[in-house]
Amino acid sequence: MGANQGHGDFELAMRVLDAHVAFTKDQLLRREGFFELVEEEVDGLLDEAEELTLAEAVTREQIKAVAHKYAVQIPVEGAIPELVGEIAARLYNHRVNDELDVGDVVDPHRFDELVDAVAEMDVTHRLVRLVLNSPVTVDACVEAVQRAVVSAVDDGKQAGGGLAQTLRGALSRLAEPALPAIEHGVGRLTRTGARFVLRGNSDDADEALLGTARATWRKHTGDAVGSFRDLVSADDVEDAVVLTFEFWRTFRDTTYFHALLDEGIDHVFDKYGDTPLTELLAELGISREDLIEEALRFGPSVLEKLDERGYLDTVLRRRLAPFYASAAFRAAVAGTA
(Lines give C-alpha, C1' and ligand atoms only; values in the text may rest on other atoms or scores of the structure.)
Protein backbone atom coordinates (compact mmCIF):
# COMPACT_ATOMS: atom_id res chain seq x y z
CA MET A 1 0.00 0.00 0.00
CA GLY A 2 2.80 2.37 0.95
CA ALA A 3 4.71 1.62 -2.25
CA ASN A 4 1.60 2.10 -4.37
CA GLN A 5 0.83 5.34 -2.52
CA GLY A 6 4.35 6.59 -3.08
CA HIS A 7 4.18 5.69 -6.76
CA GLY A 8 0.81 7.43 -7.08
CA ASP A 9 2.17 10.57 -5.40
CA PHE A 10 5.14 10.55 -7.79
CA GLU A 11 2.88 10.25 -10.85
CA LEU A 12 0.66 13.03 -9.51
CA ALA A 13 3.70 15.23 -8.89
CA MET A 14 4.97 14.69 -12.44
CA ARG A 15 1.55 15.45 -13.95
CA VAL A 16 1.19 18.63 -11.91
CA LEU A 17 4.78 19.62 -12.75
CA ASP A 18 4.09 19.15 -16.46
CA ALA A 19 0.90 21.18 -16.18
CA HIS A 20 2.67 23.90 -14.23
CA VAL A 21 5.48 24.14 -16.78
CA ALA A 22 3.00 24.19 -19.69
CA PHE A 23 0.90 26.89 -18.02
CA THR A 24 3.92 29.07 -17.27
CA LYS A 25 5.31 28.69 -20.80
CA ASP A 26 1.94 29.63 -22.28
CA GLN A 27 1.81 32.66 -20.02
CA LEU A 28 5.30 33.76 -21.05
CA LEU A 29 5.17 32.96 -24.76
CA ARG A 30 1.67 34.11 -25.62
CA ARG A 31 1.93 37.87 -26.26
CA GLU A 32 -1.33 38.71 -24.51
CA GLY A 33 -0.39 36.54 -21.55
CA PHE A 34 3.08 38.07 -21.27
CA PHE A 35 1.65 41.59 -21.44
CA GLU A 36 -0.80 40.79 -18.64
CA LEU A 37 2.02 39.26 -16.59
CA VAL A 38 4.24 42.30 -17.08
CA GLU A 39 1.45 44.70 -16.12
CA GLU A 40 0.60 42.70 -13.01
CA GLU A 41 4.22 42.45 -11.88
CA VAL A 42 5.05 46.11 -12.56
CA ASP A 43 1.90 47.31 -10.81
CA GLY A 44 2.55 44.98 -7.90
CA LEU A 45 6.16 46.17 -7.67
CA LEU A 46 5.14 49.83 -7.71
CA ASP A 47 2.43 49.25 -5.10
CA GLU A 48 5.01 47.77 -2.76
CA ALA A 49 7.53 50.48 -3.65
CA GLU A 50 5.13 53.17 -2.50
CA GLU A 51 5.56 51.89 1.05
CA LEU A 52 9.30 51.14 0.83
CA THR A 53 11.95 53.85 1.12
CA LEU A 54 15.45 53.75 -0.30
CA ALA A 55 17.04 53.35 3.14
CA GLU A 56 14.67 50.49 3.98
CA ALA A 57 15.45 48.68 0.73
CA VAL A 58 19.26 48.98 0.86
CA THR A 59 21.87 50.49 3.14
CA ARG A 60 24.43 53.06 2.10
CA GLU A 61 27.15 50.58 3.10
CA GLN A 62 25.79 48.05 0.59
CA ILE A 63 25.77 50.64 -2.19
CA LYS A 64 29.28 51.80 -1.28
CA ALA A 65 30.51 48.21 -1.44
CA VAL A 66 29.04 47.77 -4.92
CA ALA A 67 30.39 51.13 -6.10
CA HIS A 68 33.89 50.34 -4.84
CA LYS A 69 33.77 46.90 -6.43
CA TYR A 70 32.94 48.17 -9.91
CA ALA A 71 34.76 51.52 -9.80
CA VAL A 72 37.90 50.48 -7.91
CA GLN A 73 38.40 46.74 -7.66
CA ILE A 74 37.45 45.35 -11.08
CA PRO A 75 40.59 45.16 -13.27
CA VAL A 76 40.70 47.46 -16.29
CA GLU A 77 43.22 45.31 -18.11
CA GLY A 78 42.44 42.96 -20.94
CA ALA A 79 39.27 43.14 -22.96
CA ILE A 80 37.88 46.46 -21.68
CA PRO A 81 40.66 48.81 -22.91
CA GLU A 82 40.94 46.79 -26.11
CA LEU A 83 37.20 47.05 -26.75
CA VAL A 84 37.16 50.79 -26.04
CA GLY A 85 40.09 51.30 -28.39
CA GLU A 86 38.39 49.31 -31.16
CA ILE A 87 35.15 51.28 -30.74
CA ALA A 88 37.06 54.57 -30.79
CA ALA A 89 38.80 53.51 -34.03
CA ARG A 90 35.47 52.62 -35.66
CA LEU A 91 33.95 55.94 -34.63
CA TYR A 92 37.03 57.77 -35.91
CA ASN A 93 36.72 56.12 -39.32
CA HIS A 94 32.92 56.12 -39.56
CA ARG A 95 31.63 57.47 -42.88
CA VAL A 96 29.16 59.80 -41.13
CA ASN A 97 32.15 62.00 -40.27
CA ASP A 98 32.56 62.69 -43.98
CA GLU A 99 28.86 62.94 -44.80
CA LEU A 100 27.91 65.68 -42.32
CA ASP A 101 29.25 69.21 -41.93
CA VAL A 102 30.21 70.66 -38.57
CA GLY A 103 27.25 73.04 -38.79
CA ASP A 104 24.87 70.09 -39.23
CA VAL A 105 25.97 68.61 -35.90
CA VAL A 106 25.81 71.78 -33.82
CA ASP A 107 23.62 74.62 -35.04
CA PRO A 108 25.59 77.91 -35.31
CA HIS A 109 22.94 79.75 -33.29
CA ARG A 110 23.15 77.10 -30.57
CA PHE A 111 26.94 77.34 -30.59
CA ASP A 112 26.76 81.12 -30.10
CA GLU A 113 24.43 80.61 -27.13
CA LEU A 114 26.80 78.03 -25.66
CA VAL A 115 29.86 80.27 -26.08
CA ASP A 116 28.00 83.21 -24.51
CA ALA A 117 26.95 81.07 -21.56
CA VAL A 118 30.51 79.83 -21.01
CA ALA A 119 31.94 83.35 -21.34
CA GLU A 120 29.48 84.67 -18.75
CA MET A 121 30.38 82.07 -16.15
CA ASP A 122 32.31 83.45 -13.19
CA VAL A 123 34.79 80.58 -13.36
CA THR A 124 35.68 81.58 -16.93
CA HIS A 125 36.51 85.13 -15.83
CA ARG A 126 38.56 83.84 -12.91
CA LEU A 127 40.53 81.44 -15.10
CA VAL A 128 41.32 84.14 -17.65
CA ARG A 129 42.49 86.52 -14.89
CA LEU A 130 44.54 83.74 -13.35
CA VAL A 131 46.33 83.04 -16.64
CA LEU A 132 46.94 86.69 -17.53
CA ASN A 133 48.16 87.63 -14.04
CA SER A 134 50.30 84.55 -13.57
CA PRO A 135 54.11 84.97 -13.50
CA VAL A 136 54.27 81.74 -15.51
CA THR A 137 52.52 83.48 -18.42
CA VAL A 138 55.06 86.32 -18.31
CA ASP A 139 57.92 83.82 -18.13
CA ALA A 140 56.53 82.04 -21.21
CA CYS A 141 56.47 85.31 -23.16
CA VAL A 142 60.04 86.11 -22.11
CA GLU A 143 61.31 82.66 -23.06
CA ALA A 144 59.63 82.85 -26.46
CA VAL A 145 61.25 86.21 -27.29
CA GLN A 146 64.66 85.10 -26.01
CA ARG A 147 64.51 81.95 -28.13
CA ALA A 148 63.59 84.07 -31.14
CA VAL A 149 66.65 86.28 -30.57
CA VAL A 150 68.98 83.28 -30.24
CA SER A 151 67.48 81.68 -33.34
CA ALA A 152 67.90 84.90 -35.30
CA VAL A 153 71.60 85.07 -34.39
CA ASP A 154 72.13 81.40 -35.28
CA ASP A 155 70.35 81.84 -38.61
CA GLY A 156 72.43 84.90 -39.38
CA LYS A 157 75.69 83.03 -38.86
CA GLN A 158 74.63 80.51 -41.47
CA ALA A 159 73.52 83.10 -44.04
CA GLY A 160 74.47 82.36 -47.65
CA GLY A 161 75.89 84.56 -50.40
CA GLY A 162 74.77 88.03 -51.41
CA LEU A 163 75.53 91.42 -49.87
CA ALA A 164 72.54 91.44 -47.54
CA GLN A 165 73.19 87.91 -46.33
CA THR A 166 76.91 88.67 -45.90
CA LEU A 167 76.18 91.76 -43.75
CA ARG A 168 73.62 89.79 -41.74
CA GLY A 169 76.18 87.05 -41.10
CA ALA A 170 78.82 89.56 -40.05
CA LEU A 171 76.46 91.30 -37.62
CA SER A 172 75.43 87.95 -36.17
CA ARG A 173 79.05 86.95 -35.58
CA LEU A 174 79.72 90.32 -33.92
CA ALA A 175 76.66 89.90 -31.71
CA GLU A 176 77.51 86.35 -30.65
CA PRO A 177 80.00 87.29 -27.86
CA ALA A 178 77.44 89.71 -26.42
CA LEU A 179 74.58 87.23 -26.70
CA PRO A 180 74.25 86.59 -22.92
CA ALA A 181 73.99 90.31 -22.26
CA ILE A 182 71.56 90.73 -25.16
CA GLU A 183 69.41 87.86 -23.82
CA HIS A 184 69.39 89.46 -20.37
CA GLY A 185 68.42 92.86 -21.73
CA VAL A 186 65.76 91.41 -23.99
CA GLY A 187 64.43 89.42 -21.05
CA ARG A 188 64.09 92.50 -18.86
CA LEU A 189 62.40 94.52 -21.59
CA THR A 190 60.10 91.66 -22.56
CA ARG A 191 59.12 90.98 -18.95
CA THR A 192 58.22 94.62 -18.38
CA GLY A 193 56.37 94.83 -21.68
CA ALA A 194 54.52 91.56 -21.14
CA ARG A 195 53.28 92.63 -17.73
CA PHE A 196 52.08 95.93 -19.15
CA VAL A 197 50.34 94.33 -22.13
CA LEU A 198 48.72 91.54 -20.10
CA ARG A 199 47.46 93.91 -17.42
CA GLY A 200 46.24 96.38 -20.00
CA ASN A 201 44.26 93.78 -21.92
CA SER A 202 42.88 91.74 -19.03
CA ASP A 203 39.49 93.46 -19.21
CA ASP A 204 39.16 92.74 -22.93
CA ALA A 205 40.50 89.19 -22.82
CA ASP A 206 37.09 87.56 -22.34
CA GLU A 207 35.63 89.30 -25.36
CA ALA A 208 38.72 88.53 -27.43
CA LEU A 209 38.51 84.83 -26.60
CA LEU A 210 34.79 84.86 -27.34
CA GLY A 211 35.38 86.48 -30.72
CA THR A 212 38.15 84.05 -31.58
CA ALA A 213 35.96 81.06 -30.73
CA ARG A 214 33.11 82.36 -32.87
CA ALA A 215 35.37 83.20 -35.80
CA THR A 216 37.03 79.77 -35.67
CA TRP A 217 33.66 78.05 -35.51
CA ARG A 218 32.19 80.01 -38.44
CA LYS A 219 35.30 79.31 -40.49
CA HIS A 220 34.76 75.56 -40.15
CA THR A 221 30.96 75.20 -40.07
CA GLY A 222 30.98 74.19 -43.74
CA ASP A 223 33.76 71.63 -43.28
CA ALA A 224 32.99 67.95 -42.90
CA VAL A 225 33.17 66.68 -39.35
CA GLY A 226 35.91 64.35 -40.54
CA SER A 227 38.19 67.33 -41.16
CA PHE A 228 39.29 66.89 -37.55
CA ARG A 229 41.43 64.03 -38.86
CA ASP A 230 43.82 66.67 -40.23
CA LEU A 231 44.58 67.53 -36.61
CA VAL A 232 43.94 64.25 -34.80
CA SER A 233 45.29 61.00 -36.22
CA ALA A 234 44.12 57.46 -35.48
CA ASP A 235 47.31 56.96 -33.46
CA ASP A 236 46.40 60.03 -31.39
CA VAL A 237 43.03 58.48 -30.57
CA GLU A 238 44.67 55.21 -29.55
CA ASP A 239 47.20 57.09 -27.39
CA ALA A 240 44.36 59.04 -25.73
CA VAL A 241 42.56 55.79 -24.86
CA VAL A 242 45.73 54.31 -23.38
CA LEU A 243 46.51 57.45 -21.37
CA THR A 244 42.94 57.64 -20.08
CA PHE A 245 43.03 54.09 -18.81
CA GLU A 246 46.48 54.58 -17.30
CA PHE A 247 45.23 57.67 -15.46
CA TRP A 248 42.07 55.91 -14.30
CA ARG A 249 44.05 52.87 -13.12
CA THR A 250 46.03 55.00 -10.66
CA PHE A 251 43.43 57.68 -9.86
CA ARG A 252 40.77 55.21 -8.72
CA ASP A 253 43.14 53.84 -6.06
CA THR A 254 43.69 57.23 -4.43
CA THR A 255 42.22 58.22 -1.09
CA TYR A 256 40.88 61.31 -2.82
CA PHE A 257 38.70 59.35 -5.25
CA HIS A 258 37.47 57.02 -2.50
CA ALA A 259 36.45 60.01 -0.39
CA LEU A 260 34.55 61.63 -3.28
CA LEU A 261 32.81 58.35 -4.18
CA ASP A 262 31.65 57.79 -0.61
CA GLU A 263 30.57 61.40 -0.23
CA GLY A 264 28.47 61.22 -3.39
CA ILE A 265 26.67 58.11 -2.11
CA ASP A 266 26.17 59.69 1.31
CA HIS A 267 24.55 62.70 -0.34
CA VAL A 268 22.11 60.49 -2.26
CA PHE A 269 21.06 58.75 0.95
CA ASP A 270 20.90 62.02 2.90
CA LYS A 271 18.59 63.46 0.26
CA TYR A 272 16.56 60.40 -0.78
CA GLY A 273 16.99 57.90 2.07
CA ASP A 274 13.46 58.50 3.39
CA THR A 275 11.93 58.81 -0.08
CA PRO A 276 9.60 56.02 -1.28
CA LEU A 277 11.07 54.12 -4.20
CA THR A 278 8.21 55.15 -6.50
CA GLU A 279 9.04 58.82 -5.92
CA LEU A 280 12.74 58.11 -6.44
CA LEU A 281 11.98 56.43 -9.77
CA ALA A 282 9.92 59.45 -10.78
CA GLU A 283 12.81 61.74 -9.81
CA LEU A 284 15.02 59.70 -12.12
CA GLY A 285 12.47 60.04 -14.93
CA ILE A 286 11.42 56.37 -14.86
CA SER A 287 7.67 55.82 -15.10
CA ARG A 288 5.37 52.80 -15.03
CA GLU A 289 5.07 53.07 -18.81
CA ASP A 290 8.86 52.97 -19.17
CA LEU A 291 9.15 49.76 -17.14
CA ILE A 292 6.42 48.07 -19.16
CA GLU A 293 7.84 49.30 -22.46
CA GLU A 294 11.33 47.92 -21.77
CA ALA A 295 9.95 44.58 -20.56
CA LEU A 296 7.93 44.26 -23.77
CA ARG A 297 10.90 45.38 -25.86
CA PHE A 298 13.22 42.59 -24.74
CA GLY A 299 11.02 39.96 -23.08
CA PRO A 300 9.16 38.34 -26.00
CA SER A 301 12.19 37.95 -28.28
CA VAL A 302 14.41 36.60 -25.49
CA LEU A 303 11.79 34.14 -24.28
CA GLU A 304 11.06 33.00 -27.84
CA LYS A 305 14.74 32.27 -28.43
CA LEU A 306 15.04 30.42 -25.11
CA ASP A 307 12.02 28.29 -25.98
CA GLU A 308 13.31 27.63 -29.49
CA ARG A 309 16.50 26.15 -28.06
CA GLY A 310 14.74 24.24 -25.29
CA TYR A 311 16.24 26.37 -22.54
CA LEU A 312 12.94 27.74 -21.27
CA ASP A 313 11.51 24.32 -20.47
CA THR A 314 14.80 23.34 -18.82
CA VAL A 315 14.89 26.46 -16.67
CA LEU A 316 11.29 26.14 -15.53
CA ARG A 317 11.68 22.47 -14.62
CA ARG A 318 14.92 23.17 -12.78
CA ARG A 319 13.15 25.76 -10.65
CA LEU A 320 9.85 23.88 -10.09
CA ALA A 321 10.81 20.19 -9.96
CA PRO A 322 12.45 20.27 -6.49
CA PHE A 323 9.14 21.31 -4.90
CA TYR A 324 7.12 18.58 -6.61
CA ALA A 325 9.69 16.00 -5.54
CA SER A 326 9.74 17.25 -1.95
CA ALA A 327 8.12 16.02 1.22
CA ALA A 328 6.37 19.39 1.43
CA PHE A 329 4.40 18.59 -1.78
CA ARG A 330 3.51 15.11 -0.60
CA ALA A 331 2.34 16.45 2.73
CA ALA A 332 0.23 19.09 1.00
CA VAL A 333 -1.42 16.43 -1.19
CA ALA A 334 -2.00 14.18 1.80
CA GLY A 335 -3.43 17.07 3.79
CA THR A 336 -0.88 16.71 6.57
CA ALA A 337 1.12 19.86 5.89
Side-chain angles (χ1 to χ4, degrees), residues 54 57-106 110-111 114-115 117-118 121 123-124 127 130-131 136 213 216-217 220-221 223-269 271-272 280-281 283-286 290-291 293-295 297-299 301-303 305-306 309 311 315:
L54 174 63
V58 292
T59 67
R60 63 182 69 200
E61 287 72 24
Q62 289 174 319
I63 299 302
K64 285 180 181 179
V66 172
H68 279 267
K69 174 182 177 181
Y70 289 99
V72 178
Q73 298 171 9
I74 286 186
V76 293
E77 295 83 4
I80 296 178
E82 181 181 355
L83 179 61
V84 172
E86 290 171 352
I87 293 174
R90 288 191 62 164
L91 297 180
Y92 178 88
N93 293 303
H94 199 287
R95 64 177 182 275
V96 74
N97 292 314
D98 301 311
E99 295 172 352
L100 293 178
D101 292 341
V102 172
D104 296 328
V105 178
V106 180
R110 182 70 187 93
F111 178 80
L114 177 62
V115 171
V118 172
M121 293 173 62
V123 67
T124 303
L127 285 173
L130 179 65
V131 171
V136 176
T216 302
W217 176 261
H220 295 286
T221 50
D223 295 346
V225 176
S227 62
F228 75 88
R229 298 193 191 102
D230 295 336
L231 180 65
V232 181
S233 68
D235 289 339
D236 294 330
V237 174
E238 183 178 348
D239 290 342
V241 171
V242 172
L243 290 173
T244 300
F245 273 101
E246 287 299 324
F247 168 78
W248 176 244
R249 191 199 314 273
T250 55
F251 178 68
R252 69 178 187 161
D253 285 329
T254 62
T255 303
Y256 177 73
F257 175 72
H258 294 183
L260 294 184
L261 183 61
D262 288 343
E263 187 65 19
I265 295 171
D266 284 333
H267 178 74
V268 171
F269 273 85
K271 184 172 183 177
Y272 293 110
L280 182 56
L281 287 174
E283 290 280 342
L284 296 174
I286 302 174
D290 293 325
L291 296 174
E293 179 184 352
E294 298 310 321
R297 187 193 310 277
F298 296 102
S301 60
V302 172
L303 291 169
K305 182 60 67 175
L306 289 175
R309 299 193 176 187
Y311 297 158
V315 169

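Because only heavy atoms are used, hydrogens play no part in the values below, and waters and symmetry mates are left out as well, while side chains stay in.
Here Asp239 contributes atom CG and Thr244 contributes atom OG1; the two are 10.5 Å apart, rounded to the nearest 0.5 Å. Rounded to the nearest 0.5 angstrom, Leu261 CG and Tyr256 OH are separated by 12.5 Å. Within the model, atoms CZ of Phe245 and CD1 of Ile80 stand 7.0 Å from one another, a figure rounded to the nearest 0.5 Å. Annotation: the span from Leu284 atom CG to Asp290 atom CG amounts to 11.0 Å, rounded to 0.5 Å. The line from CD of Gln73 to CZ of Arg252 is 9.0 Å long, rounded to the nearest 0.5 Å.
Around atom CZ of Arg297, more than 12 heavy atoms belonging to other residues, nucleotides or ligands sit under 6.0 Å away. Within a 6.0 Å radius of CD in Gln62, other residues, nucleotides and ligands contribute more than 12 heavy atoms. Within 6.0 Å of CG on Leu231 lie no more than 12 heavy atoms contributed by other residues, nucleotides or ligands.
Side-chain atoms of Asp236 come within 3.5 Å of backbone atoms of Ser233 as a donor-acceptor pair (strictly under, hydrogens ignored).
A pairwise comparison of heavy atoms in Gly226 and Asp98 identifies CA-OD1, 4.0 Å as the closest pair. Nearest approach of Val58 to Phe269, heavy atoms of both residues: O-CE2, 3.5 Å. Nearest heavy atom pair, residue His258 against residue Val72, reads NE2-CG1, 3.7 Å.
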Candidate pair Val315 and Leu306, rule side-chain contact (heavy atoms from CB on, under 4.5 Å), full reasoning = CA-CA 9 Å; Val315 169; Leu306 289 175; over 6 Å; no

What do the steps show when you test Asp262 against His68 for side-chain contact (heavy atoms from CB on, under 4.5 Å), and what is the final call?
-> CA-CA 9 Å; Asp262 288 343; His68 279 267; 2.8 Å; yes

Could you walk me through whether Trp217 and Val102 pass side-chain contact (heavy atoms from CB on, under 4.5 Å), step by step?
-> CA-CA 9 Å; Trp217 176 261; Val102 172; 3.3 Å; yes

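Applying the ring pair (Phe, Tyr, Trp, His ring centres under 6.0 Å) test to Phe251 and every residue at least two apart in sequence or in another chain returns Phe247, Phe257. Here His220 pairs with nothing under the ring pair (Phe, Tyr, Trp, His ring centres under 6.0 Å) rule; sequence neighbours left out.
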Below 3.5 Å, can you tabulate the donor-acceptor pairs from side chains in residues 83-94 to any protein atom, sequence neighbours excluded?
from, atom 1, to, atom 2, distance (Å)
Tyr92, OH, Val232, O, 2.6
Tyr92, OH, Ala234, N, 3.4
Asn93, ND2, Ala89, O, 2.9
His94, ND1, Val96, N, 3.0

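Under a 4.0 Å N-O distance rule, the pair Lys64/Asp266 qualifies as a salt bridge.
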